[in-house]
Amino acid sequence: MDSTLQRAAELLSQARLPVFGGLFTDVKGAAAALSLARKLGGVVDHAASEGTSRAARVMRETGATPASFGEVRNRADTIVVIGSMPRTRDPKLLDKLFPTGATLPRPGDNKRELIVVGSKKGKTPSGVRVTEIGGKNALPELVALLAAAVREGPFDIRDSALAKKILSAGERLRNSAFAVFVYDPAELDEPVLHTVLEAVRHLVKTTRAATLSLSAPGNGEGVNLCSTWTCGLPVRTSFAGGVPENNMWAYETRRLLKSNEADALVWIDALDGEEATPPARSFRGVPAVVLSSRPVQAGRDDVVIEVGAAAADHDAAVFLPQIAGIGMVKATAANSKKPTVAEVLSRIEALIDAKGAA
């Protein structure tokens, strides 16, 4: 391990612009990556930052009324699930949002209803009325049609049965005491996100409405929060200029590797149950330091270090959607023989410091 860490320290100390990508790790691992990136003048970018950054950008531009997971589960009388990704990401999502046991008192007198937009309704909780808005139409078109129906605006569609469903769904949303739109921002492009938020803004003029955006995989929200409280900016931030600079296009991992702007990569994939997709085979030929809790295909000159998986091999602080904040998760099979991401990066940083002092 000592010689491996020394190789990693030498590789990174010689780099002009190292990129810290993947970042599927816990908060301690993210903090260690940010510390080393800051020291080396590198870039930090989470593998799932595309969707979260898009949603954050739209929210900054237009504003939003987000709701917590617990609030939706306990209070919402109408839930609109947009697209297929929410249930693909969490197959038990509907069971969580429509619990069978006792919940807090709900506003209004409506029975709970589920509206599924752009995907098959599949298995749904018993006793819940379900409206499926789908067919051959693309998801952006369906969202736009539903938003028009919410505003009671005119729209033209040949499928009369679908038009009837959309009109009925629009009326239901206007009459809801608390309607919530649930989506994965990685599945929706900016115009669709704007359309959803505009529908919510229209509803809140007369009733209560909100959005529930699924958290990013790989502890993306936790890493983003860690980055924000560390340097004041979310991921896709560069420290190359001495002052942190955030740019969602310029500091994207794949683009930096493809353009040869980055000359080293630190790839971190060490979270229980989730895997970060590498940029490309052998990381596009850029020398890499790979910290992974699972087998990985790396290049001949890459440095590969096996680490423990957060929340499996060791306790971990991660973002928990059910509480909308950071919480501790106990290790499912504690293994003290495997170092954590934070421990490895801290040792590499210490070696770089020692080399600089010498």
Partner set under side chain to side chain donor-acceptor pair (under 3.5 Å) for [X], not counting sequence neighbours:
X	result
T131	E113
T253	D45
N110	D77

Suppose we screen for salt bridge (charged side-chain N to carboxylate O under 4.0 Å, His left out). Which residues come up paired with [X], at least two apart in sequence or across chains?
X	value
R112	none
E261	R255
R60	none

Discussion item. Is there a continuous path of hydrophobic side-chain contacts, each under 4.5 Å between heavy atoms, that joins F69 to M85?
Written reply: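 Different hydrophobic clusters.
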Fill in: Same apolar cluster (I L V M F W Y, side chains within < 4.5 Å links), V44/I326
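No, separate clusters.
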Fill in: Side-chain donor-acceptor contact under 3.5 Å, S293 with E306
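No.
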Taking side-chain hydrogen bond (donor to acceptor under 3.5 Å, both in side chains) as the cut-off, I'd like each qualifying pair that reaches into [range], sequence neighbours left out, listed once.
range	answer
residues 146-169	none
residues 177-190	R57-E190, S84-E187, R89-D184
residues 132-149	N137-E141
residues 115-129	R87-S119

Is there a side-chain contact between [X] and [Y] (heavy atoms, below 4.5 Å)?
X	Y	value
T211	L197	yes
T206	R174	no
V27	V318	no

Practice prompt. Provide the closest heavy-atom pair for L40 versus P18 in the form atom of the first, atom of the second, distance.
Written response: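 Closest approach of L40 to P18: CB-CG, 4.0 Å.
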Discussion item. Show the nearest heavy-atom pair for residues A210 and F178, with the distance to one decimal.
Written reply: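 For A210 versus F178, the nearest heavy atoms are CB-CE1, 3.8 Å.
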Discussion item. Closer than 3.5 angstrom, by distance alone: can the side chain of D302 be matched with the main-chain N or O of P287 as a donor-acceptor pair?
Written reply: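 Absent.
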Fill in: Listed partners of Q322 passing side-chain contact (heavy atoms from CB on, under 4.5 Å), at least two apart
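L320.
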Worksheet entry | Sole candidate of L139, L146, V182, L142 that passes side-chain contact (heavy atoms from CB on, under 4.5 Å) when paired with I82 |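 Only match with I82 under side-chain contact (heavy atoms from CB on, under 4.5 Å): L139.
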Item to complete: Answer yes when R54 and E50 have at least one side-chain N-carboxylate O distance shorter than 4.0 Å, and no when they do not.
Response: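 Result for this pair is yes, salt bridge flagged.
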Fill in: Of all pairs that satisfy salt bridge (Lys or Arg N to Asp or Glu O under 4.0 Å), the ones with a partner from residues 197-218, not counting sequence neighbours
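Only E71-R208, E198-R201 qualify under salt bridge (Lys or Arg N to Asp or Glu O under 4.0 Å).
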